[in-house]
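Notes for the one structure printed next.
Scope of the values below: all heavy atoms of this structure, side chains included, with no hydrogens, waters or symmetry mates.
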Amino acid sequence: MKSPNRNRSLVNRDAECLTLGVYSHGAFYGTTNASVKHPQLTAYLNAFGKKHLPRQAQWTSLTISRNNQMPVHRDVNNSGHHPNYLVGLGSYQGGELWTHNPQLSEQSQNALAQVHPDGRRLLGEARATQHRVVQFDPKEWHATCPWTGQRIVITYFVSRGWKQLENEALTQVLEQGFQVPRIEEAHVIQKSGVWKHKFKNEGEKSDEKIKRYLSQAVVDFCDRNHIFLDVIPGEAHWQIGACEQAVQGLKEVMSKTCQEDPETSPEELLSVAVRTFNQRDMVRGFSPLQHAFGRSVDVTGRLVNASNGTPDELQIESAEGEFARNLARQAQAEKAHCDWQARQRLLRAQNSRGRWKLEFHPGQLVYFWRSQESGRGKHAPGTKKGRFLGPARVLATETRRSDSGELRPGSSVWLVRGRQLIKCAPEQLRLASQREELIEALAEDTKVPWTYTKVAQEIGGNQFEDATRELPDYDEWLRAQDPEQEEQPTRRRITRKRPIIEEGVDEEMEGAPAPRPGAIPRTREALSTDTTEIGHCWWHDVAAHSWGDKGEWWQSTDAAVEVQVELPESSRGFKKAMVNMSGFFVGALKKRAVEVCERRLSEQEKQEFRQAKLSEVKNFIAAEAFEALPEQLKPDRNTAINMRWVLTWKQLDTGGRKAKARAVLLGYQDPAYEHRATTSPVMSRQTRQCFLQMCANKKWRVYKGDVSGAFLQGRPYAGGLLCIPCDEICEAMGLAKGSVTRLKKACYGLVDAPLEWYKTVSEFLQTLGLERAWSDPCLWLWRPQGVLRGLVSGHVDDFLFGGSEEDSLWQEILNKIKQKFKWGDWEHGEFTQCGVQVRQMDQGFELSQTQYVEDHLQEIPLSGTRRRDKEAATTEKEKTQLRATLGALSWHAQQVAPHVAAETSLLLSEVSRSCVNTIIKTNLLVSHTRAKKHHVMKIHAFDPQEELCIYAWVDAGSQNRPDGGSTQGCFIGMSTMGLQRGEVLPVSPLSWSSSKIDRACRSPGAAETQAAVNGEDSLFYLRYQWSEIAYGQVQVHNPAGAVRRTKGCLISDSRNVFDKVNTEVLTIKGAEKRANIELLAIKAAQQETALEVRWVHSEAQLSNSLTKVNEKAKFKKSKWLKHCHWKWKFVCSYNIRGGAQYRGFELADDLNLSTNGRATWLGVQDIFTVLELAFGITFTVEVALRLFAEGSSFFKEAWNWLDGMVIIVWLLEKLVTNLPVNSQILRLARLFRLLRLLRLVRRIQEFDALFLMTTAIRSSVTVLGWTMALLFICQLLFALVVQQILFGFYFDPNAANQEAQLRVYEYFGTFTRSLLSLFELTLANWPPVCRLLVEEVSEWWLLMCLLHKLTMGFAVIGVINAVLMQETFKVAYLDDTVMVREKMRTMRAHVAKMSELFHEADTSGDGKLDFEEFKQILKKHEVKVWLSAMELDVSNVKELFTLVQGVSRLRGSGRAQDVRKILEMSEQMKHDLHELHVATGIRRYHTAHTGSGDFADSLAENKQVVTVNC
């Protein structure tokens, strides 16, 4: 159940209702979907009604509702001839049915008042409904009384439109148990069911039955009721018009009467309208009733006389009842009739026009006006100017009798001109002047005797020419007679006497008509030398020798050559040619260049075209396209249309060409040209894409077939046209040249030939079991048992076939198609279809237009002088060239190149007000397109197990067109559902467009809204077509049901659009109310078709380059061009966060770069989300604790302010979306707090290397700044010079090698590009830049590149590096801390080495080193080498042992001098001790050698004692 109509004021908003059976809504009738969806429920409720309702009860519909309180109303859609039945169910109290009773008053006992919708008080009575059946009139005012509890009500009623049901729907209603009323026998004409027993074949359709018996039934009915039946023939157009006007008047009167009283039934409305017309229309002063009955109706509307003499007023039963309503309806109908009659009179007065009185009599000599000259062929349709031809004789005039009985001239005059019988209107004729009659009488030609017998013999056959369709107005009639404005008929000069008339010849009519003169040019200026002059001209009197011989100028090779081009004969075309004669002349020559002139061909080429003609003739003969006529039935040649050869060269895919000849009828000569149907469907681009996509998914082989002579293989042509075939065809048929034949097949040149061919193909494919698609009439589906097994699509005579090669039944269908038609090409794998090269692969299809770009995309020539004046306006010739070039680009963009669609569309909008800069931009676009001519579009094959979805990227460019308009872009592609989950997947293009938005958009939001709405509309149609192809069984009256079967997603980068459509209820407010109303369409699509709407940022918007021409769009464009296939992904901003590493992988995916780390980072989005939350909470707790611990001193440090700001932004980010500040950036600012750790480096010796590097970097800042300034200024000057040189001499728009210019432009096209290239040449890989200039520009650039590299790259950079290093180390080593640290490090290293030596020499392990141990260690060669490296002499071991005691004192390069000084001091001390011994007599002493304090301290530290014996 669903909620009832919200237009009514409901007390309980939770009310629900469900309607089963027949429905009536306006002019639409049928059965509800709910009755089909719930058949068992419908049958059960009908059975319930049969049991509890009265036996005579009838109903066609029923409604079950719950808690539905209805206000005072009438049931408009219920039949007033049948009552309603209501049954109340459920447990509730109250809820009575209130019905209006006009007999009640305020004093009545059971009177209950209700409020009418217009505010009036109505009195009625309440009737209990619970567990009982209540019967009431649906046309009475009724309402529901309040109640408590759960109230369920079932209402049975008869719908007003049940008589309009078709037999199938009526049968369905009867089978479901509805008690449908029976139709009375009086309405036998309206009921087709009464005729059922008269049909022999019950399988016939109902409309065919009615057509067979309707006419006779109407005649019988009129005979029984003495009604005169006047049958109007189809040729009597004026009578049909009068009848249609009468019917239109009846409809208008009925409509206005129904507006005042909508409860009136259609039968009553028709009765009132007919009665009004019969009483109010006036025919010769009397109404139709007075003509038929001799009197008018009385007050009661009766035509019978009162027999008892009772006054008319007393014959009325109830003056306030039905009589009052009838009078009100009659008054309203009479008012509507008066309005309609007045409007008709006004229209007749406005459309009436005066006619001049022209009377002609048989035998008169006249001239007739024609817009077509005999012998020259017909002009283009729509020509209004003509000229008088003739003379001709009046043979007879059609007359008509007036109402008074007088004979008046009719509308047709029959003329005889030579052997031609012509039917003209009087407005086309003018009488010949006396001079013209005299010249005609004295003509030398043989007279045609004016007897009807002779005229019939001369004319022959039964053919005539009807010229009455060409009527000139009065101004044109006068203009055609002015010799200064129009060429007059040729006058003849009589050179001898009048011939003698033979005796015995009947001369009832004087003056025989002359034979038809030759073709006469329209104006005097158009006369050529080939025109035969019948009369005498002045140049006839000039002697031949007086003209002279050809002069020397004509003998010169430089003489001019005359080229004759026929001017357009229509007024509009002639004026256009006069405005731009040069452009018209060039266009005419181009048209001639398409066809081949056979006279200018070589003998070999002529032979090729003869073979091509022979092949075409065989096609005509095999198709039996022409039927020869017997001699006695051959009509005049002027009634037949002509035929001509069209010879062209056809370019082959292999690069060659072949001759192609086609015989074409001159279809514009068809007499029924204006009335033939010309609309023939062709396959659309979207259908082609869907066709290839389905074949790729199912791995089907696609065949392309080209029907040879397609139109000749169509069904028999029913036009009955007469034509004159080409001479070659006549010869093949055994007929004389120029013979008139009857056309049997629709040939090329006829306006309805394509439609006839389409009908032939469609009928044949349907006989094979294929069904035509509703979404595209040029697509046929083979779906046996509901399974799609084959596809056929056609574009005129090019067809695509898709199906499985293993399917034998499908192969049989293909064989039947091959046998039915004659095929020229039958290809697969790689073929060309309508200019698009298609290549099938295992992964899908590739589409390209390489040959088209090469042949049809050419730049517009532009001189250097013209190029420099960019703001100069373009000429008309340049505008024509712009339209041609941009038209070719537009076709390429529509087929396979959406990346150039936006720029092409924007340039097309500039053509009308274009300048030279527009041509420059167009040439640049052509150059880029030609450089990427090998670009291909891929149709990817998807896994059948994957669920597919159609995605539509929509975007808009606000007010980016020259006229202030906005641009909309829509790209629709197919991929799997994984794209919505953020996966990188291939996308198959199905449809794309870049166009101007229809209405003006005053804001970007309005433009985005319009683009989204239009994009959703295109997406809806594409989903419908794909559902029909993939699933079938679509219902055209319920397209949303079919669309729902295919997933759809609308993608926009407008946050405004996304937020509005994702709200629960869209509110219309703000300045853009119209845009909000349009968004309701997308909101409805979300509910009805399960449309998914997503938002992406601008960089992920695939249709961005369909609306804008900027750097971002160019970036996307380059991605489209660099890769043969498209991979894309989109993610919502609220679904993903990531670190720098993962974003790097995403960028690599966007650029289609190969990365190995992406696979290991799957699912990292969730990890980053959790980590972000964890770090945010940690930082918040940290700041809160420090604030609590430090108190007010917390705010005295700047770092704390930064921490607080980071926490606040993070919290706001979690609570509010779309913050302009990125909290991640502020969080990175906290890393600068690590700089405070550098102060600890000074105190920690392990960071000596780090301290040295930071000190050196800090000391080199000044030198580095001057270095950058010097280098940048030098490079700046070089970049300016190089860029100007290349731009002035190399970037020439007329250069042949545009691809080389494009490559050089990438390096030196702009100043910034040139500056970057100079830095690359100086500091980076310089050979590629150098080789590009040498190879593409000139070899002289080799000297410039080498000179720059040797000066800037080698000398200057080397000097800068040397100065930078010198100054850096100089400043670094002058630092005190660095010097102290270096000294201490050297001392520690020396002590460590000597300790290692002593430890190695102490073999006893007592911690002391004696002489023997030292002596033993010195025997090792490695120790000697090591001590020698320390500049210690190892030749004297004893001295070295003594020297070891002070070895720790030795520092730097003064070690040798210190050793010598120590040895001298030791010798002197020994000598002094010896003398002291001799003097004192001391024999032995023990002394501890104490040197300097440092040495003693050093020995004490190492616990080494030296004993000396004296």
Subject >> Stepwise side chain to side chain donor-acceptor pair (under 3.5 Å) check, Lys879 with Thr874 >> reply: CA-CA 6 Å; Lys879 285 185 173 65; Thr874 55; 3.1 Å; yes
**OP:** Evaluate the side-chain contact (heavy atoms from CB on, under 4.5 Å) criterion for residues Arg662 and Leu647: first the C-alpha distance (whole Å), next the side-chain angles of each, then the deciding distance (0.1 Å), finally the verdict.
**Re:** CA-CA 7 Å; Arg662 176 159 288 175; Leu647 308 179; over 6 Å; no
Original post:
Can you tell me how far CG of Leu614 sits from CG of Asn619, rounded to the nearest 0.5 angstrom?
Top reply: 10.0 Å
**OP:** For His935 and Val896, indicate whether the former's side chain and the latter's backbone hold a donor-acceptor pair under 3.5 Å.
**Re:** yes
**OP:** Could you tell me whether a side-chain N or O of Tyr748 sits under 3.5 Å from a main-chain N or O of Gly709, the two making a donor and an acceptor?
**Re:** no
**OP:** Consider only side-chain N and O atoms of Glu728 and Trp645, and report whether a donor and an acceptor are under 3.5 Å apart.
**Re:** yes
Original post:
Is the centre of the Trp826 ring less than 6.0 Å from the centre of the Phe799 ring?
Top reply: no
**OP:** Using the ring pair (Phe, Tyr, Trp, His ring centres under 6.0 Å) rule, take Phe609 and Trp649 through it: C-alpha gap first, then chi angles, then the decisive distance, then the call.
**Re:** CA-CA 9 Å; Phe609 277 103; Trp649 290 107; 4.8 Å; yes
Original post:
Quick one: are Leu735 and Thr741 in side-chain contact, heavy atoms under 4.5 Å?
Top reply: yes
Subject >> Residues Glu830, Lys704: salt bridge by 4.0 Å N-O rule >> reply: no
Original post:
Does the pair Glu756 and Thr760 meet the rule for a side chain to side chain donor-acceptor pair (under 3.5 Å), with working shown?
Top reply: CA-CA 6 Å; Glu756 290 294 322; Thr760 302; 5.6 Å; no
Subject >> Close side-chain approach of Leu721 to Leu750, heavy-atom, < 4.5 Å >> reply: yes
**OP:** Go through the steps for Leu857 and Thr885 under the test side-chain contact (heavy atoms from CB on, under 4.5 Å), then give the verdict.
**Re:** CA-CA 7 Å; Leu857 293 186; Thr885 303; 5.6 Å; no
**OP:** For Glu605 and Ser602, indicate whether the former's side chain and the latter's backbone hold a donor-acceptor pair under 3.5 Å.
**Re:** yes
Original post:
Do Phe626 and Met643 touch side chain to side chain, with heavy atoms closer than 4.5 Å?
Top reply: yes
Original post:
Which atoms form the tightest heavy-atom contact between Val751 and Pro754, and what is the distance?
Top reply: O-CD, 3.8 Å
Subject >> Arg685 side chain vs Gln894 backbone, donor-acceptor pair below 3.5 Å >> reply: yes
Subject >> Rounded distance [0.5 Å steps], CH2 in Trp891 versus CG in Leu889 >> reply: 13.5 Å
Original post:
Any Lys/Arg nitrogen of Glu465 or Arg370 sitting under 4.0 Å from an Asp/Glu carboxylate oxygen of the other?
Top reply: yes
Original post:
How long is the gap from CD on Gln837 to OG1 on Thr832, to the nearest 0.5 Å?
Top reply: 5.0 Å
Subject >> Test log, rule side-chain contact (heavy atoms from CB on, under 4.5 Å), inputs Ser680 and Trp757 >> reply: CA-CA 9 Å; Ser680 178; Trp757 165 245; over 6 Å; no
Original post:
Between Glu854 and Lys933, is there a salt bridge with N-O shorter than 4.0 Å?
Top reply: yes
Original post:
Less than 4.0 Å between a side-chain N and a carboxylate O, is that true for Arg715 and Glu763?
Top reply: yes
Original post:
What is the ring orientation for Trp823 with Phe821, classed by angle as parallel under 30°, tilted 30 to 60°, or perpendicular over 60°?
Top reply: perpendicular
Subject >> Asn815 and Gln811: side chain donor to acceptor below 3.5 Å >> reply: no
Subject >> Heavy-atom check, side chain of Ile860 versus side chain of Glu878, under 4.5 Å >> reply: no
**OP:** Taking Gln840 for its side chain and Val702 for its backbone only, find out whether a donor-acceptor pair lies under 3.5 Å.
**Re:** yes
**OP:** Return yes if a side-chain donor-acceptor contact under 3.5 Å exists between Ser615 and Gln611, otherwise no.
**Re:** no
Subject >> Lys816 atom NZ, neighbour heavy-atom count above 12 within 6.0 Å >> reply: no
Subject >> Student check: side-chain heavy atoms of Cys747 and Phe711 closer than 4.5 Å >> reply: no
Subject >> Separation between OG of Ser914 and CD1 of Ile919, rounded to the nearest 0.5 Å >> reply: 6.5 Å
**OP:** Determine whether Arg688 and Leu847 make a side-chain contact, defined as any pair of heavy atoms from C-beta on separated by less than 4.5 Å.
**Re:** yes
**OP:** Answer yes or no: are there more than 12 heavy-atom neighbours, outside Glu731 itself, under 6.0 Å from its atom CD?
**Re:** no
Subject >> Donor-acceptor pair, side chain of Gln669 and main chain of Cys723, under 3.5 angstrom >> reply: no
Original post:
Do Tyr703 and Leu800 come close enough that some side-chain heavy atom pair is under 4.5 Å?
Top reply: no
Subject >> Greater than 12 external heavy atoms within 6.0 Å of Arg866's CZ >> reply: yes
Original post:
Which of parallel (below 30°), tilted (30 to 60°) and perpendicular (above 60°) describes His899 and His892?
Top reply: perpendicular
Original post:
Between Lys744 and Glu627, is there a side-chain N and carboxylate O pair less than 4.0 Å apart?
Top reply: yes
Original post:
In Å, rounded to the nearest 0.5 Å, how long is the span from OG of Ser848 to NZ of Lys938?
Top reply: 12.0 Å
Subject >> Minimum heavy-atom distance Gln713-Ser708, with the two atoms named >> reply: NE2-O, 2.7 Å
**OP:** Kindly give the heavy-atom pair with the smallest separation between Pro777 and Pro681, and that separation in Å.
**Re:** CG-CB, 3.6 Å
**OP:** Would you name the heavy atoms of Val792 and Phe691 that are closest together and state the gap between them?
**Re:** N-CE1, 4.0 Å
Original post:
Under a 4.5 Å cut-off applied to non-hydrogen side-chain atoms, are Arg839 and Phe845 in contact?
Top reply: no
Original post:
Minimum heavy-atom separation for Thr929 to Leu925, with atom names?
Top reply: OG1-O, 2.7 Å
**OP:** Identify whether the distance between the nearest side-chain nitrogen and carboxylate oxygen of Arg610 and Glu598 falls below 4.0 Å.
**Re:** no
Subject >> Nearest-0.5 Å distance that lies between atom CG in Asp706 and atom NZ in Lys822 >> reply: 12.0 Å
Original post:
Looking at Ser793 and Thr687, what are the two nearest heavy atoms and their distance?
Top reply: OG-CG2, 4.0 Å
Subject >> Pair Gln858-Arg930, side-chain contact (heavy atoms from CB on, under 4.5 Å): steps then yes or no >> reply: CA-CA 9 Å; Gln858 303 295 334; Arg930 288 179 62 87; 3.5 Å; yes
Original post:
Does Ser890 use its side chain to pair, donor to acceptor, with the backbone of Leu886 at less than 3.5 Å?
Top reply: no
Original post:
When you look at NZ of Lys618, are more than 12 heavy atoms from neighbouring residues, nucleotides or ligands closer to it than 6.0 Å?
Top reply: no
